[in-house]
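Presented below is the structure to which this report refers.
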Amino acid sequence: MGLNYRELGLRVGLEIHRQLDTRTKLFCDCPTEPRTTGRTVEFVRRLREAQSELGEVDPAARFEMRRARTIVYRADLGSVCLVEMDEEPPHELNREALRIALTFAAMVGARPVDEIQVMRKIVIDGSNTTGFQRTCIVAVGGSVRVGSKVVPIQTITLEEDAARLIEQRDGQVVYDLSRLGIPLIEVSTAPVIEDPREAYEVALAIGRLLRATGKVKRGIGTVRQDLNVSIAGSGLVEVKGVQELEDLPRVIEYEVRRLLHLERVRSELRSRGVRAESVSSEKVRDLTHVFSSSRSRLVSNALSKGWRVMGVRLPGFAGLLGGGDVRLGRELSEYARAWGGVEGILHSDELPGYGITQEEVAAVRRELSCGEGDAFVLVLGPERRCLDALGAVIERASLAVEVIPDETRAARPDGTTSYLRPRPGSARMYPETDVPFVRVSRDLLEEVMRSLPRPLEERAEELMRTYGLSRQLAWELIDGEVVEEFLSLVQTGVAPSFIASLLTEVMKDLRRQGVPVENVGVGAVRRYLELVAQGRTAKESARDVLAYLAGHPGSTVEEALKALGLEAPPLDEVERVVDELVREVLPRLSGRDPFGPIMGELMKRYRGRVDGAVLSRVLRERLARAGTSGGSA
Amino acid sequence: MAPSGYRGRLREVLEGIGAEEGDELEVVTPDGQTFVGYLIARPEYADEDVITIKLRNGYNVGIAFTEGTVIRRLAAGRAPAFRRGEIPPQDPSLPRVALLGTGGTIASRVDYRTGAVRPAMTTEDLVSVIREVLELARIDAEVVLSLYSENMTPRDWSLIAERAHQRLVDGYDGIVIAHGTDTMHYTAAALSFVLQRPPVPVVLVGAQRSSDRPSSDAATNLMGALTVAARSSFAEVCVAMHHWHSDDEIAVHRGTRVVKLHTSSRDAFRSVNAGPIALVREGRIEVLAEGLNPRGSEDYRYEPGFDERAYLLKFWPGMRPSVLEHLASEGVRGFVLEGTGLGHVASSWIPVIRRLVRDGVFFGMCSQCRFGRVNMNVYDNGRDLQAAGVTPLDDMLPEVALVKLMWVLHRAHDLEEIRRLMLTRIAGEIGDRSEPVRLRP
């Protein structure tokens with residue numbers, strides 16, 4: 001992008017969350033691997049704000065409270081008990097999880113606290129049945145080294161994973177409880193990362209250390225990265241839920257562009273002499289009558305449901321709401337959605353449009369007394385929602401004059417972010433009095449030190465030595481978390497480096513092309529390799545076969561080969577064809593080496609069906625029999 | 001003064017630097033780690049050599065205080081305090097409900113002395129936190145007691161009954177009593193016998209999750225209780241608590257038919273040998289039972305007084321009858337036996353029981369089966385026990401029979417009168433029809 005991040009004063013801190021592969025959950029004895037028994041319950045709850053022990057109500061909690069949603073929980077009793085249902089007090093802190101966290105702490109040189117005290121972190125979006133997440137600091141300090149840079153670790157915490165969101169509808173949200181309570185380790189770095197690429201490297205390094213413990217879960221949904229991002233002069237933005245490591249730089253770049261744009265908007269507003277007070281004193285007006293005979297499909301649909309059209313003037317904002325993928329209009333719209341539950345906003349920089357005519361725009365401007373330099377925002381919805389939404393729009397717009405606000409934002413799959421809620425303060429934490437303190441004893445620490453895991457570097461060396469893999473392939477197996485699969489698949493007898501590249505490069509490539517490779521189980525890959533080993537297909541068919549299996553879940557490897565025409569013909573057929581070619585070609589070559597030309601012909605016919613090595617062996621045999629040298633081996 | 005929970009050498013050090021709860025401190029450990037945060041009180045029984053600091057990120061951590069630990073006070077802080085919002089004006093057109101606080105989880109907060117939940121909030125605090133209650137009723141709140149319900153005695157039942165009686169006489173449209181759940185069913189039974197056929201509902205309510213938690217059931221239970229108190233067509237002494245795990249349904253149980261059947265779940269309270277008398281869903285009351293005492297009933301009677309010399313005894317295999325003689329010698333005037341099956345204790349008990357009955361001691365029989373009615377005519381042993389003077393108590397719940405016996409002993413002085421009153425239906429405690437417990441497996 002050509003941005004000079006250091007000059008902009010970019011500061012990024014990471015929070016890496018990873019599920020631990022413990023036998024039971026953090027505060028109860030349910031298994032951490034989901035089990036389906038068909039014995040299910042579904043129940044309904046509501047959550048309320050609560051005061052912390054400092055007597056304050058957290059802003060993030062108050063935000064959720066205002067939304068007053070009904071929460072539906074679904075649970076299969078195979079992996080959920082009364083503890084997750086908030087119907088039984090938590091059991092004691094899982095000692096297996098504690099040991100893993102202490103192990104990681106030792107690996108990064110962090111200092112364990114002497115007594116672990118479990119806290120309740122208020123989260124009332126429904127993702128925790130209790131209305132809080134249980135969390136505790138296990139250790140502070142330590143560092144990871146990335147190249148020449150030392151990145152300090154601030155805290156290492158253990159916490160409960162949240163329930164999984166299933167669906168979100170009008171005034172109702174549905175969660176599944178099987179994930180709730182799985183132990184998560186959270187590693188927070190100091191905000192010293194100064195470049196988007198560096199964030200990726202730091203996350204990779206922490207991820208490798210976590211994996212070296214051998215006690216973290218693998219696969220989709222087991223890792224989550226949160227970021228806090230700021231540039232000089234901006235507030236602190238927390239971005240939640242970046243799933244893929246590779247997305248980190250893109251998300252940071254987007255955030256920086258967004259912050260820069262907001263900074264530009266702010267200075268423009270100031271130079272126009274706009275004042276926050278004059279924005280916040282704007283009044284919301286009901287403009288339904290202006291649109292009573294509107295031709296706009298959007299508007300008439302809304303009015304037919306009995307909704308209102310309401311609007312507000314934004315003095316001095318003309319021309320500042322639109323723009324590219326970062327624009328103030330989008331920020332206002334996200335606030336309106338989050339606080340008012342409306343579908344979005346319409347603003348003057350994009351109107352006329354959506355079927356709304358120039359005349360209607362002019363009428364709105366008249367009603368709102370908009371001058372030349374003023375903008376306006378419209379929302380559609382039931383009256384209460386319109387008022388809440390526009391209240392939030394006014395609040396956000398008046399903030400835009402003064403600051404770039406502290407926010408919690410969600411990472412979206414396309415690399416952008418969207419407003420989630422205000423940033424929580426420390427008032428959201430209060431003690432979990434149901435769980436006794438855990439003294440971190442010298443004996444426990446010594447035990448942890450005695451059984452520290454081998455570093456992954458050793459693992460990579462071993463893979464290179466034993467299987468003749470390149471350094472790059474060995475690390476790709478480790479970072480792709482497929483070492484175990486690799487070790488089980490090399491027993492098929494197929495070349496290890498082929499298997500390694502199949503599990504890493506080929507899979508990654510297919511995934512990039514949008515092939516749902518998660519549908520291909522390790523069993524199918526094993527069967528495929530067995531067939532390769534038996535000569536029933538050729539290695540070159542790998543990409544096509546995997547893509548077919550991904551697209552046709554449930555079909556067998558044999559079916560895939562048949563459908564793709566990639567089955568090897570019987571060997572005697574191959575031999576016959578070779579004989580024919582030798583007979584046909586040999587006389588025409590007048591003494592030149594026949595191997596190359598005939599091999600080329602064979603590959604043309606059998607690519608993806610018969611292994612090149614097999615073809616070459618047969619050809620050599622036949623040529624030898626025919627009395628020629630059989631090429632330079 | 002150093003905050004509570006600090007003892008010994010550490011307390012001296014904290015006092016030496018004038019550290020108070022909420023002050024900002026710096027703690028440097030001998031291995032060179034620095035912690036900066038606010039001083040927090042510790043539970044009474046926690047380790048003596050650990051200081052609790054609330055870090056700036058809100059987390060509490062414990063740091064060992066050893067030789068070489070340096071504690072510095074950086075700045076004065078603000079001790080935590082629960083701040084009550086202003087109570088908004090009440091709507092004079094709404095029914096008038098008296099809210100009596102007695103303690104328990106429904107009105108409790110985290111205690112920094114023991115680290116446990118404790119009754120600390122006044123009823124006004126509760127109203128200020130659960131604003132919606134003011135849309136249901138005009139509320140006059142009053143703290144009668146502040147007790148965990150396991151600490152209650154029959155004297156406390158009498159105090160609560162007396163306050164409720166005064167409010168009934170004052171003409172309130174309903175009474176809600178916030179109560180700890182552990183013994184709420186005992187109090188409910190006691191009030192049922194003292195406040196007979198009241199003109200308005202008397203509703204006991206509790207919470208299984210403290211009201212300082214976002215998921216507390218206090219608000220929904222209280223709303224259900226107030227709905228019944230303000231608007232129900234019946235006027236019974238009853239208990240309003242969650243019907244199941246969901247927040248959308250509150251069950252109303254008759255005060256003499258309800259027990260706490262679960263240690264922790266929201267739906268801990270169940271009617272036994274009867275169904276709930278009503279359900280409250282989305283603010284509407286669905287009445288399920290027939291023959292309830294109607295609102296406005298004019299034959300209200302206030303019958304206070306309990307004699308505590310009653311004893312509830314659970315029989316178990318091999319238990320010796322000498323325990324009865326010992327207890328009688330301590331002054332026990334009547335026993336409720338929680339017998340086996342249809343109402344039995346070992347045959348070896350019969351001579352002892354016969355002797356004590358002759359001395360005027362009452363024996364009533366309930367079953368430890370929890371569900372069903374006693375019948376002492378089926379087996380020889382049952383008939384022998386009756387011949388020895390044991391009174392079968394029909395389908396009365398053992399806890400209710402105990403409370404009733406205390407109430408009866410206060411007003412009856414001979415065995416015949418005690419027997420007669422124990423078998424007289426006072427407040428729905430005895431039923432004549434038994435329905436299946438479950439309608440399907």
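Every chain is numbered from 1, with letters handed out A, B, ... down the list of sequences. What you are looking at is a predicted structure, and each value in this text was computed from that prediction instead of being measured.
Interface residue E42(A): only backbone heavy atoms are found under 4.5 Å from chain B. Heavy atoms of T129(A) lying under 4.5 Å from chain B belong exclusively to its backbone. Only the side chain of D31(B) comes within less than 4.5 Å of a heavy atom of chain A; its backbone N, CA, C and O stay farther away. When heavy atoms are compared at a cutoff of 4.5 Å, A46(B) approaches chain A solely by way of its side chain, counted from C-beta outward. Of the two parts of F35(B), only the side chain, counted from C-beta on, holds a non-hydrogen atom closer than 4.5 Å to a non-hydrogen atom of chain A. For V50(B), the part sitting under 4.5 Å from any heavy atom of chain A is the side chain, from C-beta outward, and nothing else.
With contacts defined as side-chain heavy-atom distances shorter than 4.5 Å, the pair K121(A)/Y59(B) qualifies. Side-chain atoms of R111(A) and T29(B), non-hydrogen and from C-beta on, do get closer than 4.5 Å to each other. Counting heavy atoms from C-beta outward, D49(B) and R439(A) have side chains that approach closer than 4.5 Å. Using a 4.5 Å cut-off on side-chain heavy atoms (C-beta onward), E87(A) and H242(B) make no contact.
Between S215(B) and G131(A), the shortest heavy-atom contact is CB-N, 4.5 Å.
Between atom OG of residue S246(B) and atom CZ of residue R46(A) there is a gap of 9.5 Å, rounded to the nearest 0.5 Å. Rounded to the nearest 0.5 Å, atoms CD (Q33(B)) and CG (D114(A)) are 10.0 Å apart. Atom CZ of residue F437(A) and atom OG1 of residue T52(B) lie 5.0 Å apart, to the nearest 0.5 angstrom. One distance of note links CG of N60(B) with OH of Y430(A); it measures 13.0 Å at 0.5 Å rounding. Here the straight-line distance linking atom NE2 of H262(B) with atom CD of E88(A) works out to 7.0 Å at 0.5 Å rounding.
When the shell of 6.0 Å around CD of E282(B) is examined, it contains 12 or fewer heavy atoms from other residues, nucleotides or ligands.
Interface check for chain A: of the options T263(B), D248(B), D47(B), the most heavy-atom pairs under 4.5 Å are formed by D47(B). Per-residue heavy-atom pair counts under 4.5 Å with chain B were compared for T130(A), I137(A), D86(A), and the maximum is reached by D86(A).
A salt bridge links R213(B) with D434(A): the closest approach of a Lys/Arg side-chain nitrogen to an acidic carboxylate oxygen falls below 4.0 angstrom.
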Chi angles and distances behind the side chain to side chain contact (heavy atoms under 4.5 Å, CB included) call for M85(A), R266(B): CA-CA 10 Å; M85(A) 291 172 68; R266(B) 286 169 175 73; over 6 Å; no
R45(A)/H245(B) under side chain to side chain contact (heavy atoms under 4.5 Å, CB included): CA gap, chis, key distance, verdict: CA-CA 8 Å; R45(A) 292 277 169 78; H245(B) 303 293; 4.0 Å; yes
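Residue pairs meeting the salt bridge (Lys or Arg N to Asp or Glu O under 4.0 Å) criterion with at least one partner in residues 128-140 of chain A, sequence neighbours excluded, are R134(A)-E160(A), R134(A)-E432(A).
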